[in-house]
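Only one structure is covered here, and it is reproduced in the block below.
One-based numbering, in listed order, for ligands and for the atoms of each.
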Amino acid sequence: MNEIDGKTKLLGLMGYPVEHTYSPQMHNYISKIYNRNYAYSALSVKPENLCDAIRGIVALNYAGVNVTAPHKEQVMQYLDFISEDARRYGSVNTVRVENGKLYGYNTDADGFYLSLLRGGIEIIGKDVLILGAGGAARPICVKFSLIGAKSVTVINRTQSRADELAEFVKNSCGKTILTSRAHSRYDVVINTTSVGMEPNVKECPLDDFSFVDSNTAAADMIYNPSETVFLKKMKEHGAYATVNGLGMLIYQGIVAYEIFTGEKIDHNIFDDIKREVFGL
Ligand code: ATR
């Protein structure tokens, strides 16, 4: 981040809670490297204040905000325009202010896909198994169906939520996803649940690893711990690649920064963010 002055453009993250976010450090680091006069902070917004807060960023002449839990769906009703992707995913994580109007986008699925590609994992033409049917699973189910996964299967503790997700995907993009394990094997297995996250690091969202071999890859949206029991077991069973959730966190931020500023960012900044922001 550069020194804040009278011309500094404001950005932030609206969520509740937001204290543990890395977004300010990531965005301010990119601004520093690109020598752009933006300042990004965490904005703690209770659900009952979301309407005032999001309208407030227009009044305060913000350049934009990221939006995180629990606001990603609720925020949509207050926006003037919503991108085709965000509409399809049913949630918004990036809002840009342009001439007093609010434009909504969602960079989560693109961020996750970029992180998979970076980890050597392709989705196109693959049988994909997704663990969990919550808000995190929705964008990737739609995106993977659209870009040409051979099949997308979602399994979830609560079967009705998996069925609801399949209906959502059908209505959103006309594609069919499966909600039970119909295949004997999968090319890519992705954990979107919170199972295995700190502090419950011993838990695992999958109990059958018998289909895993050296043609299987795994990804987890969790980044704390950096290697969940799920990823560890996938590796032990021969998976050729494993990717944790840090890449998604970084890439969704890079793509959001591009939306805020209208400027293309060299995605090789990924490694610099990893080192300078996360110390890895
Ligand atoms: P969101 O708010 O994003 O929708 P969520 O409701 O916390 O997220 O759900 C996250 C996912 O993790 C869900 O698929 C949830 O399964 P249920 O639909 O059955 O609740 C899954 N999940 C969370 N804790 C779990 C656990 N202990 N075992 C299995 N799945 C779990």
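Contact residues for ligand 1 (protein heavy atom closer than 4.0 angstrom to any ligand atom): Gly132, Ala133, Gly134, Gly135, Ala136, Asn156, Arg157, Thr158, Arg161, Thr193, Ser194, Val195.
Both tests do not hold together for Arg118 against Tyr251: distance to the six-membered ring centre under 6.0 Å, angle to the ring axis within 45°.
Under the 4.5 Å side-chain criterion, counting only non-hydrogen atoms from C-beta, Arg185 is in contact with Asn215.
Shown here are the side-chain contact (heavy atoms from CB on, under 4.5 Å) partners of Lys202, two or more places apart in sequence or in another chain: there are none.
Considering Tyr257, Tyr40, Phe260 in turn, Tyr257 is the only one that fulfils the side-chain contact (heavy atoms from CB on, under 4.5 Å) rule with Ser31.
Asp220 and Thr228 are linked by a side-chain donor-acceptor pair at a separation below 3.5 angstrom, with hydrogens and angles left out of the test.
Note that the CG atom of Leu249 and the CD1 atom of Ile254 stand 10.0 Å from one another [nearest 0.5 Å].
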